[in-house]
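Following: one structure in structure tokens, then a few remarks.
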2 protein chains.
Amino acid sequence: MTETAHVLVVDDDPDIRDELQEYLTGHGFRVSTAEGGAAMHAVLEKEPVDLIIMDLKMPGESGLSLTSSVRKTSKAGVIILTGTGDDVDRVVGLEIGADDYIAKPCNLRELLARVRSVLRRTRGEGGAGLEVEAECLQFAGWTLDLSERRLTSPDSAEVPLTTGEFNMLEAFVTRPKRVLNRDQILDLTQGRDWSPYDRSIDNLISRLRQKIEADPKNPQIIKTVRGVGYLFTPAVSKK
Amino acid sequence: MTETAHVLVVDDDPDIRDELQEYLTGHGFRVSTAEGGAAMHAVLEKEPVDLIIMDLKMPGESGLSLTSSVRKTSKAGVIILTGTGDDVDRVVGLEIGADDYIAKPCNLRELLARVRSVLRRTRGEGGAGLEVEAECLQFAGWTLDLSERRLTSPDSAEVPLTTGEFNMLEAFVTRPKRVLNRDQILDLTQGRDWSPYDRSIDNLISRLRQKIEADPKNPQIIKTVRGVGYLFTPAVSKK
DNA sequence: AAGCCCTGCGACAAATTGATACAAATTCAT
DNA sequence: ATGAATTTGTATCAATTTGTCGCAGGGCTT
């Protein structure tokens, strides 16, 4: 995994360009911006880009057409920003070749998560991976589908998880057999800092256990390490 | 677990370098220090390093980029130190390939615990394995699963252990036939210092014996060495 | 054998965690 | 946009775990 992924933000609104540039730069990415198709192609020709964040609606040109033109020349992943009112549904964007999309006004943290997720997927794929590699992780009979964000029980029933529960389970599943303290968990799930007497993690742990532990009183999957944090014990395998 | 793991501290602040060096040396590690990337690489070329503790923010160079460059040439584990104020999401570190991270100002005991934890994981792993090998140790008919933190009795019943009891048993099982004094036990289980008249270890020993000794009055597994400490007598075999 | 020191362990207190209830916040649908 | 429903954080209390205290019992020294 590279230290400085190069992200290109394409949006006609300078405020949004600045906002995203500042935020993503602060999170360790190298960020370029472009206010339209011409500027975008200029950047693409000059230097390799790992990921493009593209506004769907820009004066004169559509993010969709830009996306498909990008696809022909670059291996960069694409995340599309859609306005709230836009009736364009996910499928259209994905069929054009976008890797993900997110609605405006966007939660920066969520955007960050998706940026990372797309980078993870697009990276290391030699060829043009139209197939979004379904990342399914299995543990103790359960299946966690990271791309669809679904959890399936050992008896093949889908168990609905809230956003918070899923994020937490994802954090654990991708770091099995390793004690995570509350600070880290909060960091991984919400990018928030932890302060003593914050019991929200304990609470979430409790809720998650109710859903995935056979006997929540004697947890076998997520064990607590008193005075430190929690530990996800099962072995995890890719499916 | 070996006492002479080689740890390399990379930080531009000499105070922190000294502090960590002194502390870790005092706990049985061999410690080198480096104030920047150049010095770090110099050490890495000269001698094998088991673990690197790296400051995230150093003038001129980022701990993140150093981490990924280390990854290419060395098998050393990496723990990243992040400043509290760092706007850079700490999570990035884990995705870059660090094995763990800890916030500054850091609790030395917690750091010690994490150092040991990472060493345990990175050691003996030939290739980069997502799945940590399941370590099951057997003694006197009992089975202690270190990764799932479970104890199974000779008649195949699971015996629940508290965090403290498990940590203590783990310390003994990984150091069989060897007298451990109270200072060492406390250090291994909690990274805490022992002071005379601290009877908490005696107490824990007593509780553990109740659970694993056939006759707690005549302990056969954990024997007392009067005036010194305790001794785990059974032979231990990997399963 | 007496006395001192160390250890075993029961009892209590402190600290940590689990779980429920409720309020705040967010999301969703209308 | 407004209200309902879901989700999430906080408060609270119960349960568990752990450290401290104290005394009894046994070993070692003199």
Side-chain angles (χ1 to χ4, degrees), chain A residues 84-85 87 102-110 149 151 159-169 171 179-183 185-186 189-213 215-231, chain B residues 109-110 149 151 159-169 171 179-183 185-186 189-213 215-231:
Chain A
T84 33
D87 246 3
I102 187 171
K104 283 194 296 189
C106 62
N107 179 323
L108 287 178
R109 291 200 185 288
E110 185 180 353
R149 298 181 75 84
L151 176 66
V159 176
L161 291 183
T162 68
T163 307
E165 289 163 357
F166 183 91
N167 288 343
M168 182 161 175
L169 187 54
V179 181
L180 298 177
N181 63 30
R182 293 175 176 75
D183 198 348
I185 295 174
L186 210 45
T189 54
Q190 322 195 354
R192 206 163 45 121
D193 270 340
W194 182 82
S195 44
Y197 305 118
D198 183 337
R199 305 289 310 286
S200 60
I201 291 297
D202 304 58
N203 205 248
L204 202 50
I205 287 276
S206 175
R207 284 169 178 145
L208 191 50
R209 276 175 174 162
Q210 302 292 333
K211 291 191 179 179
I212 68 174
E213 294 280 0
D215 176 13
K217 294 280 185 184
N218 276 58
Q220 294 300 308
I221 296 178
I222 300 177
K223 300 211 170 183
T224 103
V225 182
R226 172 178 256 254
V228 184
Y230 297 90
L231 171 67
Chain B
R109 306 198 180 292
E110 187 181 351
R149 299 180 75 89
L151 176 66
V159 176
L161 292 182
T162 68
T163 304
E165 289 162 357
F166 180 90
N167 287 343
M168 181 170 210
L169 187 53
V179 180
L180 299 177
N181 61 32
R182 294 177 175 75
D183 200 344
I185 296 174
L186 210 45
T189 55
Q190 322 197 353
R192 214 168 39 134
D193 274 338
W194 182 81
S195 43
Y197 305 118
D198 183 337
R199 307 291 310 287
S200 61
I201 291 297
D202 304 58
N203 214 259
L204 241 190
I205 288 277
S206 173
R207 284 166 179 147
L208 190 50
R209 278 174 174 161
Q210 302 293 330
K211 291 191 178 178
I212 68 174
E213 295 282 0
D215 176 13
K217 294 282 185 185
N218 277 57
Q220 295 300 309
I221 297 178
I222 301 178
K223 299 209 172 182
T224 303
V225 183
R226 188 185 173 83
V228 185
Y230 298 90
L231 170 66

Here the distance between atom C1' of C/dG18 and atom CG of A/Asn218, to the nearest Å, is 13 Å
Going by heavy atoms in the side chains, are B/Thr224 and B/Ile205 under 4.5 Å from each other?
-> no
Considering the options B/Leu208, B/Asn218, B/Ile221, which one meets the side-chain contact (heavy atoms from CB on, under 4.5 Å) requirement together with B/Glu213?
-> B/Ile221
Closer than 4.0 Å, any side-chain N/O of A/Arg207 to the OP1 or OP2 of D/dT7?
-> no
Within this structure, what is the CH2-to-C1' distance between A/Trp194 and D/dT10, rounded to whole angstrom?
-> 15 Å
Under 4.0 Å between a side-chain N or O of A/Gln190 and OP1 or OP2 of D/dG9?
-> yes
Of the listed D/dT18, D/dG19, C/dG8, the closest approach to the A/Arg226 side chain comes from D/dT18
Rounded distance in Å - CG (A/Asp202) to C1' (D/dT16) | 14 Å
A/Arg226 side chain vs B/Thr162 backbone, donor-acceptor pair below 3.5 Å | no
OP1 or OP2 of C/dT20 sitting under 4.0 Å from any side-chain N/O of A/Ser206?
-> no
Of C/dT17, D/dT10, D/dT20, the nucleotide closest to the side chain of A/Asn203 is D/dT10
Quickly work out the A/Leu208 CG to C/dA19 C1' distance and round it to whole Å.
-> 15 Å
Has B/Arg199 got a side-chain N or O lying under 4.0 Å from the OP1 or OP2 atom of D/dG22?
-> no
For the side chain of A/Arg207 and the backbone of A/Glu165, is there at least one donor-acceptor N/O pair under 3.5 Å apart?
-> no
Would you classify B/Ser200 as touching base, sugar-phosphate or nothing, given that sugar-phosphate means primed atoms plus P, OP1 and OP2, and contacts are heavy atoms under 4.0 Å?
-> base
Side-chain N or O of A/Tyr230 less than 4.0 angstrom from OP1 or OP2 on C/dT16?
-> no
Let me know the distance between CZ of B/Arg209 and C1' of C/dT7, rounded to the nearest Å.
-> 9 Å
Okay, side chain of B/Lys211, backbone of B/Pro160: is any donor-acceptor separation there less than 3.5 Å?
-> yes
Between CZ of B/Phe166 and P of D/dT17 the distance, given in whole Å, is 15 Å
Mind calculating the distance between CD (A/Gln210) and C1' (D/dT8) to the nearest angstrom?
-> 16 Å
Roughly, in whole Å, what's the span from CG in B/Leu186 to C1' in D/dG19?
-> 11 Å
